[in-house]
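Written below as C-alpha cells is the structure these notes are about.
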Amino acid sequence: MQPARHPPRSLQELLDRAGKLAGFTLGELAALAGIETPSNLRRHKGWTGQLLELWLGAEAGSKPQQDFPSLGVELKTLPIDSQGKPLETTYVCYAPLIGVAGLTWQTSNVRNKLSCVCWVPIEASRHIPPAERRVASAFVWQPSAAQEQAMRQDWEEIMEKIALGEVDSVTARHGEVLQLRPKAADGSALTQAVGPNGGFIQTRPRGFYLKKAFTHAILSDVFEGP
DNA sequence: GCCTGATCATAC
DNA sequence: GTATGATCAGGC
C-alpha cells in the first residue's frame with residue numbers, strides 16, 4: 001500500500017483506490033505515506049483533506065476547479081460521527097462578490113464543483129484523536145434533479161442579494177441546502193463587493209458551504225437506500 | 001448540543 | 001488578496 005503516483009485514469013480507478021482505504025485510520029495512512037499525524041487539527045485544519053488527496057492522486061494546488069479535472073470529479077472528505085451524521089458543513093468554493101451580473105447557475109463554480117463528487121466519509125468525532133480517525137466507504141455522487149434544483153434556488157437567491165449590493169445582509173441562515181459564510185484567514189481580511197447603491201464596499205470574503213442536513217441526506221441515500 | 005461566524009495552514 | 005484544504009469555539 002502506498003499513495004497514488006499519478007491521477008486516476010478513470011472513475012473506476014478512483015473508486016478502486018478509495019475503496020482500498022476504507023477501514024484504515026488516518027494515522028495508518030499517514031505512516032504509510034511517510035508523513036506525520038498532528039495530535040490535533042487546530043493548526044492543521046486541512047490535513048485530512050490533503051492526506052486523502054495524496055492517497056487518491058488528486059492534483060495538488062489551489063485551483064478553482066475540480067480535484068480530478070480529467071474525470072470531472074471533485075474530492076471531498078466528510079467528517080461524520082459514529083452514526084454517520086456529518087459533523088461539519090462542507091466548503092464548496094469562494095463566492096464572487098463583484099462582477100456578478102450575468103452569472104448563471106449553469107456556469108457557476110458551485111454547480112461545476114458539485115456536478116460530480118467523490119465523497120470520503122471519515123469517522124471523526126472530536127474525542128477521537130486524528131491518528132485514530134477511520135476512513136469509511138467512499139462513493140461517487142451526482143446530484144439528483146431535486147437536489148440540483150434545491151442548490152440552484154439557494155444559489156440564485158444568494159447571488160441576487162450579492163448583485164443587489166446586499167451581501168452584508170446575507171447570513172448563514174439563508175438557503176435551505178447551501179449557505180454563504182465568511183471565508184478568510186481572519187476578521188481583518190477584506191475584499192471588494194457590490195454596495196447598496198451600486199458602488200463598491202469592503203466586506204469579509206465569503207464562501208459557499210453545503211449544510212449538514214444536505215450532506216446527511218446524500219449519505220442516507222447511499223447507505224440506507226433512496 | 002448545534003450553528004454561525006471566526007479562524008488556521010499553505011501556494012501563488 | 002484569492003483560493004485551496006477545512007475545523008474551531010463561543011453564543012445561542
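Each chain gets a letter, A, B and so on, in the order its sequence line appears, and its residues count up from 1.
The residue among A:T89 and A:Q65 whose nearest nucleotide of DNA chain C lies closer to the 5′ end is A:Q65. Residue whose closest nucleotide on DNA chain C sits further toward the 5' end, between A:A189 and A:E74: A:A189. Between A:A184 and A:K211, the one whose closest nucleotide on DNA chain B sits nearer the 5' end is A:K211. Both A:K85 and A:D186 lie near DNA chain B, and the one whose nearest nucleotide falls closer to the 5' end is A:K85.
More than 12 heavy atoms of other residues, nucleotides or ligands shown are found within 6.0 angstrom of CD on A:Q192. Other residues, nucleotides and ligands contribute over 12 non-hydrogen atoms within 6.0 Å of the CD atom of A:Q149.
A salt bridge between A:D154 and A:K211 is absent, with no side-chain N of the basic residue lying under 4.0 Å from a carboxylate O of the acidic one. A salt bridge is absent between A:E156 and A:K161: the closest approach of a Lys/Arg side-chain nitrogen to an acidic carboxylate oxygen does not fall below 4.0 angstrom. Looking at A:K76 and A:E74, a side-chain N of the basic residue comes within less than 4.0 Å of a carboxylate O on the acidic one, giving a salt bridge.
Regarding A:D81, its CG atom lies at a distance of 16 Å from the C1' atom of B:dC3, rounded to whole Å. Protein atom OH of A:Y209 is 9 Å distant from nucleotide atom C1' of B:dG5, rounded to whole Å. In this entry the distance linking CG of A:L52 with C1' of C:dG5 reads 11 Å, nearest Å. Note: NE2 (A:H127) to C1' (C:dT7) measures 17 Å, nearest angstrom. A:N40 has its CG atom 11 Å from the C1' atom of B:dC8, to the nearest Å. The NZ atom of A:K45 sits 14 Å away from the C1' atom of B:dT10 (whole-angstrom rounding). Distance A:E53 CD to C:dT4 C1': 8 Å, rounded to the nearest Å. Rounding to whole angstrom units, NZ of residue A:K183 and P of C:dG1 are separated by 15 Å.
At a cut-off of 3.5 angstrom, the base of C:dG5 holds no donor-acceptor pair with the side chain of A:K76. Under 3.5 Å, the side chain of A:Y91 and the base of C:dA3 form no donor-acceptor pair of N or O atoms.
Nearest to the side-chain atoms of A:L41 among the listed nucleotides C:dC8, C:dG5, B:dG5 stands C:dC8. Listed nucleotides B:dG5, B:dC3, C:dA3 differ in distance to A:P182; the shortest reach to its side chain belongs to B:dG5. In this structure, of C:dG5, C:dT2, C:dA6, it is C:dA6 that holds the atom nearest to the side chain of A:T77. If you check B:dG5, B:dA9, B:dT7 against the side chain of A:R181, the one that comes closest is B:dG5. Closest approach to the A:R173 side chain among B:dT4, C:dG5, C:dT2 is made by B:dT4 (side chain taken as heavy atoms from C-beta onward). For A:K212, the listed nucleotide lying nearest its side chain is B:dC3; candidates were C:dT7, B:dT7, B:dC3.
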Sort me out a list of protein N/O and nucleotides 9-12 of chain C N/O pairs below 3.5 Å, or just none if empty.
{"unit_1": "C:dA9", "atom_1": "N7", "unit_2": "A:R126", "atom_2": "NH2", "d": "3.3"}

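For the pair A:K183 and A:Y94, the NZ or CZ position fails the cation-pi test of under 6.0 Å to the six-membered ring centre and within 45 degrees of the ring normal.
For the pair A:S125 (side chain) and A:H127 (backbone), a donor-acceptor distance under 3.5 Å is absent.
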The test is side chain to side chain donor-acceptor pair (under 3.5 Å); show your working for A:Q2 and A:R5 and say whether it passes.
CA-CA 9 Å; A:Q2 57 183 265; A:R5 290 181 174 166; 2.8 Å; yes
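Residue contacts for A:K113: at a heavy-atom cut-off of 4.0 Å it reaches the sugar-phosphate backbone alone, with no base atom in range. Within the nucleic acid shown, A:G49 comes within 4.0 Å of sugar-phosphate atoms alone, with no base atom in reach, counting heavy atoms only. Nucleic acid contact for A:T171: sugar-phosphate only, since backbone atoms but no base atoms lie under 4.0 Å from a heavy atom of the residue.
No option in A:D221, A:L219, A:V120 other than A:L219 meets the side chain to side chain contact (heavy atoms under 4.5 Å, CB included) test with A:F139.
Neither OP1 nor OP2 of C:dA6 sits under 4.0 Å from any side-chain N or O of A:T48. In this structure, A:Q50 does not reach the C:dA6 phosphate: none of its side-chain N or O atoms is under 4.0 Å from OP1 or OP2.
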